[in-house]
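All heavy atoms count here, side chains included; hydrogens, waters and symmetry mates do not. All values derive from a computational prediction rather than experimental measurement.
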Amino acid sequence: MRNVEQAVLWRQEGKVQEAIDLLQEITEHEPENAQGWYQLAWAHDSLGLEREAVPHYERTLSLELPSEDRAGAILGLGSTYRTLGQYDAAKIWLETGMREFPEYREFEAFYAMVLYNRGEHAEAMQRLLIQLADTSSDQRINDYSRAIRFYADQLDRVWE
């Protein structure tokens with residue numbers, strides 16, 4: 001039987017349906033293969049088949065994964081729920097990711113998107129502004145990072 005690495009290679013080469021077929025075969029014969037489920041979810045996502053990706057992400061997260069892949073699966077599931085309009089589920093998974101992987105800043109960006117979708121615009125902007133101030137390599141942004149951070153949670157305040 002061919003392996004997960006072959007399926008990843010096919011996905012990267014644009015042979016996504018072939019990758020899906022192989023990954024379905026792998027997960028059918030090895031239902032505890034977390035990598036197989038993770039790559040199956042990712043392959044569905046890459047084809048825009050978000051709804052089909054969800055149960056594969058959920059199965060992945062019920063199994064043992066290396067830390068980096070667990071972070072990717074949590075982000076993938078949270079992002080996928082967001083694109084499906086399931087904002088509460090997205091928020092829960094992205095909060096899980098931020099809690100488990102506080103150093104992974106990508107969770108903050110996707111969390112801000114969910115906050116935006118939920119109408120929580122001020123907090124979404126605050127989080128994005130802080131990320132911008134903390135991570136930008138642009139010298140002009142860096143020159144103003146202190147001010148950006150200061151105003152991030154005071155966007156509606158008017159000074160008289």
Exercise. Is a side-chain N or O of D69 found less than 3.5 angstrom from the main chain of L65, in a donor-acceptor match?
Worked result: no
For this session: Group every Ile, Leu, Val, Met, Phe, Trp and Tyr by side-chain heavy-atom contacts under 4.5 Å, then state whether M113 and M125 land in the same group.
Result: no
Exercise. Under 3.5 Å, side chain of Q154 to main-chain N/O of F150, donor-acceptor pair present?
Worked result: yes
For this session: Kindly indicate, with the supporting measurements, whether the criterion side chain to side chain contact (heavy atoms under 4.5 Å, CB included) is fulfilled by W10 and V16.
Result: CA-CA 6 Å; W10 282 346; V16 183; over 6 Å; no
Exercise. So does E32 pair up with R59, basic N to acidic O under 4.0 Å?
Worked result: yes
For this session: Consider only side-chain heavy atoms of I, L, V, M, F, W and Y, link residues closer than 4.5 Å, and tell whether Y116 and L155 are in one cluster.
Result: no
Exercise. If you measure from CZ on R105 to CD1 on I130, what distance do you get to the nearest 0.5 Å?
Worked result: 10.0 Å
Exercise. Looking at CD1 of I20 and CD of Q17, how far apart are the two atoms once the value is rounded to the nearest 0.5 Å?
Worked result: 5.0 Å
For this session: Please check if atom CZ in R157 has more than 12 non-hydrogen atoms from other residues, nucleotides or ligands closer than 6.0 Å.
Result: yes
Problem set entry | Short side-chain to backbone donor-acceptor contact, T27 and Q24, under 3.5 Å | yes
Problem set entry | Shared hydrophobic cluster, W37 / W42 (ILVMFWY, side-chain heavy atoms < 4.5 Å) | no
Seminar exercise, completed: So CD of E50 and OG1 of T80: to nearest 0.5 Å the spacing works out to 6.0 Å
Exercise. In this structure, are over 12 heavy atoms from other groups packed under 6.0 Å from Y144 atom OH?
Worked result: no
For this session: Applying side-chain contact (heavy atoms from CB on, under 4.5 Å) between L9 and each of R11, E13, E5, report the one that passes.
Result: E13
Exercise. Is the distance between the ring centroids of W93 and Y87 less than 6.0 Å?
Worked result: no
Exercise. Which heavy atom of A112 sits nearest a heavy atom of A124, and at what distance?
Worked result: O-CB, 3.3 Å
For this session: Compare every heavy atom of S79 with every heavy atom of F110, then report the nearest pair and how far apart it is.
Result: CE2-OG, 3.6 Å
For this session: Show the numbers, then the answer: is there a side-chain hydrogen bond (donor to acceptor under 3.5 Å, both in side chains) between Y57 and D45?
Result: CA-CA 10 Å; Y57 278 126; D45 251 353; 2.7 Å; yes
For this session: Please name the pair of heavy atoms, one in L23 and one in A43, separated by the smallest distance, quoted to 0.1 Å.
Result: CD1-CB, 4.4 Å
Exercise. Once you round to the nearest 0.5 Å, how far does CG of L77 lie from CD of E58?
Worked result: 5.5 Å
Exercise. Between Y151 and W159, how do the two ring planes meet: parallel, tilted or perpendicular, split at 30° and 60°?
Worked result: perpendicular
Exercise. In the single-linkage hydrophobic clustering (I, L, V, M, F, W, Y; side-chain heavy atoms under 4.5 Å), do L61 and L94 co-cluster?
Worked result: yes
Exercise. Would D134 and R149 satisfy side chain to side chain contact (heavy atoms under 4.5 Å, CB included), going step by step from the backbone distance to the final call?
Worked result: CA-CA 9 Å; D134 285 353; R149 286 178 134 303; 2.8 Å; yes
Exercise. Looking at R82, K91, Q86, which one forms a side-chain hydrogen bond (donor to acceptor under 3.5 Å, both in side chains) with N117?
Worked result: R82
Problem set entry | Single-linkage hydrophobic cluster L22~V4, side-chain heavy atoms < 4.5 angstrom | yes
Exercise. Could you state the interatomic distance from CZ (F107) to CZ (R99), rounded to the nearest 0.5 Å?
Worked result: 11.0 Å
For this session: For T60 and A73, work out which heavy atoms get closest and say how close.
Result: CG2-CB, 4.0 Å
For this session: Please report the C-alpha distance between R118 and D88 in whole Å, then the side-chain angles of each, then the deciding distance to 0.1 Å, and finally whether the side chain to side chain contact (heavy atoms under 4.5 Å, CB included) criterion is met.
Result: CA-CA 9 Å; R118 293 169 47 96; D88 292 340; 2.4 Å; yes
Problem set entry | Rounded distance (nearest 0.5 Å) linking atom CE of M98 with atom CZ of R127 | 5.0 Å
Exercise. Is the backbone N or O of A133 less than 3.5 Å from a side-chain atom of S136, with the two atoms forming a donor-acceptor pair by type?
Worked result: no
For this session: May I ask you to check whether E123 and Y111 show a side-chain donor-acceptor distance below 3.5 Å?
Result: no
Exercise. Heavy atoms, side chains only, cut-off 4.5 Å: are I74 and E100 in contact?
Worked result: yes
Seminar exercise, completed: Note: A19 and A7 closest approach over all heavy atoms is CB-O, 3.3 Å
Exercise. Counting N and O atoms only, with roles assigned by atom type, does the side chain of T135 sit under 3.5 Å from a partner on the main chain of Q131, one being a donor and the other an acceptor?
Worked result: yes
Seminar exercise, completed: Shortest non-hydrogen pair, A41 vs A53, comes out as O-CB, 3.5 Å
